[in-house]
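Naming convention: chains lettered A, B, ... in sequence-line order (proteins, then strands); numbering from 1 in each chain.
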Amino acid sequence: MKELPKAIDRSIEKKWQEFWEKNNVFTFVLDKKNNKKIFVIDSPPPFTSGNLHMGHVLSYSYFDFVAKYKKMSGWSVYFPQGWDCQGFPTEVEVEKKYGKKSPEEFRKLCIAWTEECIKNMKRQMISLGFCPDWNYEYKTMDKSYHRKVQLSVLRMYKNGQIYRASHPVFWCVTCQSALSKTDTEDIPRSTFLYTIVFDLEIQEKENIKRQIHIATTRPELLHAIVAVLYNPNDERYKEFRGKKLFAISPFGRKVPVYPDLDVDKEFGSGLVMVCTFGDKQDVIWVYRHNLEQIQSITKDGKLLNAGQFSGLPIGQAKEKIIEFLEKNNKIVKKEKIEQTIKIHDRCSTPLELLNSWQWFAKITDKPEKIISVAKKINWFPEFGIAHLINWANYVEWDWVISRQRVFGTPIPFWICKNCSNIVEPSEEELPVYPFGTTRKCPKCGSDAEGEVSVFDCWVDSSITPLIITKWEEDQEFFSRTYPTSLRPQGVEIVRTWAFYTIYRCYELTGIEPFKEILLNGNVLAPDGKKMSKSLGNIIEPDSLIEQYGPDAIRIWAALSGAMAKDRPFSYQDISFGKNFVNKLLNAGKFVYQAHLKFGKELSNNLKKEDLSSLRFIDKYYLTKFYYLVKKVEDYWANYEFHHIIKDISNFFWHEFCDYYIEFVKYRLYGQGDELKAKQASFVLFEIYSNTLLLLAPFIPFSSEEIWSVFKENENKSIFEESYPSSQNLSSLKFFTKEELEKYKIFEQIVDLIKKEKTAKGLKLTHPTAKLTIVCEEKTLEILKNFEQDILKTFNILEVEYLISKDLAVRIN
RNA sequence: GGGCCCGUGGUGGAAUGGCUAACACGUCUGCCUUACACGCAGAAGAUUCUGAGUUCGAUUCUCAGCGGGCCCACCA
């Protein structure tokens, strides 16, 4: 007999990865005859950081399970994989490495850098047994991708969904550049709160004038005041309600006074002056109340439109203005307070909100439309849609889709220097790279300059369902694959990725982009905290693959559940996975040896007739297995991976191994009944392994010798076979569920025997003369069916039954 | 401050309007029993966050409180 392996042979991983790739096992081919149902997975393109993180491993495992399950269930599965390349972190890394460069050169370096990152991430995916279809790989930095992004925006522009407008952005007056949130840092500082006297004009039958007090930390923005707000629930200002009011600033500016629930009654006098722009709340209020916008500060930090104070730097201006107000007795109070402000993380300059020209997509005008489209989608779990609804109703201003960066999809427009007319390209010439180019303005004939900004990266990623289905590229392919079947993604990006995708794809096609959305949570560090570099608690997939193997990692992922819930990484689960892999190898060895001992003649043609002559105990476990498969079908339908792995591993380990194999041993090693024992164990093991290989695709091949027996055709991928279903396993159902329940008493008796023997310090197979079973008459009838198996397995000579209501066993 | 999620043995986590609340890891006891010590057999360990309510009965449903997480906003 051949020496069987003591441990898992890890070299088989590589072999099978190559086999699947070479034989195009997971390659999607559009079936022109329309025979098979198509299942399309709109899988997330990971940001190309260079390494997968555990969150990727978790979620990519999920939809890899689904892809394989659907494939083995008779679907034609289309499972492409993309890469989200253009992002700020890449720019930071590349700049760190190469320093400042011209935009053209910088872009090239970013692309080269990203290609390297993709290489490594792809390697990691393959080593985890993920099987996306690499023939349809896409990158958001590709020209073909740029074309579709630009086309999609151009179409939306023509439909009036995209517009250019002035909008405040965070601006550093020292570096003179726009900043994104990631460039900013919050720091506490102490400052002074000045309470300033304003005049109030109440327009009634006769105009009434009086004074009001308004507190502010930024008197230097007084010239840019556009409104004064009060809380309508504030008793002090109840006389304001429903009246037409105006406030007049110490500089003589007259602005309206409105009620607003966001005003904090406790702060200052309960009245707020809205300036353009003191902070982000001002931006919200300006849009909400449709207020005027005044350019208050220049790009290099000097006051603008401020009368005698114009041209002064912010700091100086503040001093002078306070001086002026004090001289005129307009300041009634000055108190020290602590506040938090945003600064630029590189130069520590406090940020200003300055107006600049930006591009927008209209998302605020009809939230109910986006919500109704989202409602057509099946959400797993259901509460996920609440994030989207809440966001859609809450969002205060339109989506700013332009970014002042380099490594991004260029915005395909030119702006006329003379008349500000927007010059658009034709659809045929896309992609275009307007940066540094000019076109003639068709309206006035002047030069129009190419837009230098690029798109927000969500503009890129919000059309992945269109990209993978070949929208505006291959009409037949598109019509067969769109809408996609499943969008898997993180719960924390519902309001970005899911929201923008639903909005954009619906605007462009009139159809929702996917039928189902599956939300996963994040993987936390084992201590329950967020994984972060600073805490040093990051777990790298590579070291886990090395230490535990891909199957164990995938079992960990399945055990982590499908709900959109954060979970600490669990070494317990992954070591369970590893032990489980080993258990399966050993069970395989046992069945294989039994097979060799008996001979080969029955190996691959197990018929229903063979099964019908089985012993009672064989039928009992085969039936149990049938019901397991049936139950697991429902779990698959609801993406309940946790239950799937739990149930199939428990059945395998604690029913098949702990009970069935033990009860079958005496028959295989002894004499008389080998055939039936082998048949049943063989059937169970083979079908079982097929249920498992979606979750752990390498386990069933972990020993070549063993698997050569079970899987006859080396050249055929096991993924071509069909997934065990209750329908095609119906021949294994010998008993009804009720009967099965009744027969469970057998297991109780077995447990009692084990307990008894253990209590007496005996081995389970220690020779025993007599077993006495105390039970009811009904039970006796059932136990008769298992009697032989019990006696032989526990090495007992004879059995006697005593009829009683109690259940007990004795051993002599 | 707003929206959503969650609070179950030492740890991680299932499930259910009602039989002794899964399972895994860990712990303790005994076994290297002819597939497996990455194993086998047995055992201990839970007032299911707190309080009130609905109910014949709640861990499960409702409300309040306390605590944690995610996303958003954050003080003129």
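Both the sub-6.0 Å distance and the 45° axial angle are not jointly satisfied by K744(A) relative to the ring of Y659(A).
With sequence neighbours left out, H289(A) forms a side-chain hydrogen bond (donor to acceptor under 3.5 Å, both in side chains) with D260(A). In terms of the side-chain contact (heavy atoms from CB on, under 4.5 Å) criterion, residue partners of I389(A) (sequence neighbours excluded) are, by chain and number, I371(A), K375(A), I385(A), N393(A). Taking the ring-ring contact (aromatic ring centres under 6.0 Å, His included) definition, one finds that Y194(A) meets it with nothing, sequence neighbours left out. For the side-chain contact (heavy atoms from CB on, under 4.5 Å) test, residues two or more places apart in sequence or in another chain that qualify with A247(A) are F198(A), I212(A), V228(A), V255(A), V257(A).
Separating the P atom of rU8(B) from that of rC32(B) is a span of 40 Å, rounded to the nearest Å. Only the C1' atoms considered, rC31(B) is 15 Å distant from rC36(B), to the nearest whole Å. Spacing between rU27(B) and rG65(B) at atom C1', rounded to whole Å, works out to 36 Å. rC40(B) sits 14 Å from rC23(B) when the P atoms are compared, rounded to a whole Å. One P atom belongs to rG9(B), the other to rU48(B), and the distance between them is 9 Å to the nearest Å. Comparing rG69(B) with rA76(B), their P atoms are spaced 26 Å from each other, to the whole Å. Only the P atoms considered, rA14(B) is 16 Å distant from rC5(B), to the nearest whole Å. Distance noted for atom P between rA64(B) and rA21(B): 31 Å (whole Å).
Nucleic acid contact class of V263(A) (heavy atoms, under 4.0 Å, all strands): base. Using a 4.0 Å heavy-atom cutoff across all strands shown, T765(A) reaches no nucleic acid atom at all. The residue I389(A) sits apart from the nucleic acid: no heavy atom pair falls under 4.0 Å. Within 4.0 Å of F267(A), counting heavy atoms only, lies at least one base atom of the nucleic acid.
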Report all interatomic pairs (protein N or O, nucleotide N or O of nucleotides 13-15 of chain B) with separations under 3.5 Å.
{"residue": "rG13(B)", "atom": "O5'", "partner": "R567(A)", "partner atom": "NE", "Å": "3.2"}

Under 3.5 Å between N/O atoms: give me all the protein pairs with nucleotides 38-45 of chain B, atom names plus distance.
{"residue": "rC38(B)", "atom": "O4'", "partner": "N579(A)", "partner atom": "OD1", "Å": "3.3"}
{"residue": "rC38(B)", "atom": "O2'", "partner": "N582(A)", "partner atom": "ND2", "Å": "2.9"}
{"residue": "rG39(B)", "atom": "OP1", "partner": "N579(A)", "partner atom": "ND2", "Å": "3.3"}
{"residue": "rG39(B)", "atom": "O3'", "partner": "K583(A)", "partner atom": "NZ", "Å": "3.0"}
{"residue": "rC40(B)", "atom": "OP1", "partner": "K583(A)", "partner atom": "NZ", "Å": "3.0"}
{"residue": "rC40(B)", "atom": "OP1", "partner": "W653(A)", "partner atom": "NE1", "Å": "2.5"}
{"residue": "rC40(B)", "atom": "OP1", "partner": "D658(A)", "partner atom": "OD1", "Å": "3.3"}
{"residue": "rA41(B)", "atom": "O2'", "partner": "T758(A)", "partner atom": "OG1", "Å": "2.6"}
{"residue": "rA43(B)", "atom": "OP1", "partner": "K755(A)", "partner atom": "NZ", "Å": "2.9"}

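When rounded to the nearest whole Å, the span between CD1 of I337(A) and P of rC75(B) equals 10 Å. In this structure, Y194(A) places its OH atom 19 Å from P of rC75(B), rounding to the nearest Å. Summarising the geometry, the separation between CD on E220(A) and P on rA76(B) is reported as 12 Å, rounded to the nearest angstrom. Between W397(A) atom CH2 and rC72(B) atom P there is a gap of 13 Å when expressed in whole angstrom units. Atom C1' of nucleotide rA73(B) and atom CG of N390(A) are separated by 12 Å, given to the nearest angstrom. Between F576(A) atom CZ and rC25(B) atom P there is a gap of 7 Å when expressed in whole angstrom units. Atoms CD (Q281(A)) and C1' (rG2(B)) sit 12 Å apart, rounded to a whole Å. Taking atom CG of L524(A) as the reference point, atom C1' of rC5(B) lies 13 Å away to the nearest angstrom.
Using Watson-Crick or G-U wobble geometry with both donor-acceptor distances under 3.5 Å, rC74(B) finds no partner in any strand shown. The nucleotide rC40(B) finds its pairing partner in rG30(B), both defining distances of the Watson-Crick or G-U wobble pair being shorter than 3.5 Å. Using N1 to N3 plus N6-O4 or O6-N4 for Watson-Crick, or N1-O2 and O6-N3 for G-U wobble, each under 3.5 Å, rA24(B) pairs with rU11(B). With a cut-off of 3.5 Å on both Watson-Crick or G-U wobble distances, the partner of rC4(B) is given as rG69(B). Base pairing of rC61(B): its partner is rG53(B), meeting the Watson-Crick or G-U wobble criterion (both donor-acceptor distances under 3.5 Å). Across all strands shown, rU47(B) has no partner, as no Watson-Crick or G-U wobble contact with both distances under 3.5 Å is found. rG17(B) is unpaired under the Watson-Crick or G-U wobble criterion, no partner having all donor-acceptor distances under 3.5 Å.
Dashed line: the shortest gap from a side-chain N or O of K530(A) to OP1 or OP2 of rG69(B) is not under 4.0 Å.
RNA chain B is contacted by both A386(A) and I341(A); A386(A) maps to the nucleotide lying nearer its 5′ end (nearest heavy atom per residue). With the nearest nucleotide of RNA chain B identified for both V491(A) and D282(A), V491(A) has the one nearer the 5' end.
Between I377(A) and R487(A), the closest side-chain pair of non-hydrogen atoms is not below 4.5 Å. Counting heavy atoms from C-beta on, the side chains of N795(A) and H766(A) never come closer than 4.5 Å. At least one side-chain heavy atom of I553(A) sits less than 4.5 Å from a side-chain heavy atom of W556(A).
D279(A) places a side-chain N or O within 3.5 Å of a backbone atom of D282(A) that can act as its donor or acceptor partner.
Within a 6.0 Å sphere centred on NZ of K630(A), heavy atoms belonging to other residues, nucleotides or ligands number 12 at most. At most 12 non-hydrogen atoms from other residues, nucleotides or ligands lie less than 6.0 angstrom from CD of E546(A).
Annotation: H53(A) is not in aromatic contact with F47(A) [ring centroid separation under 6.0 Å not met].
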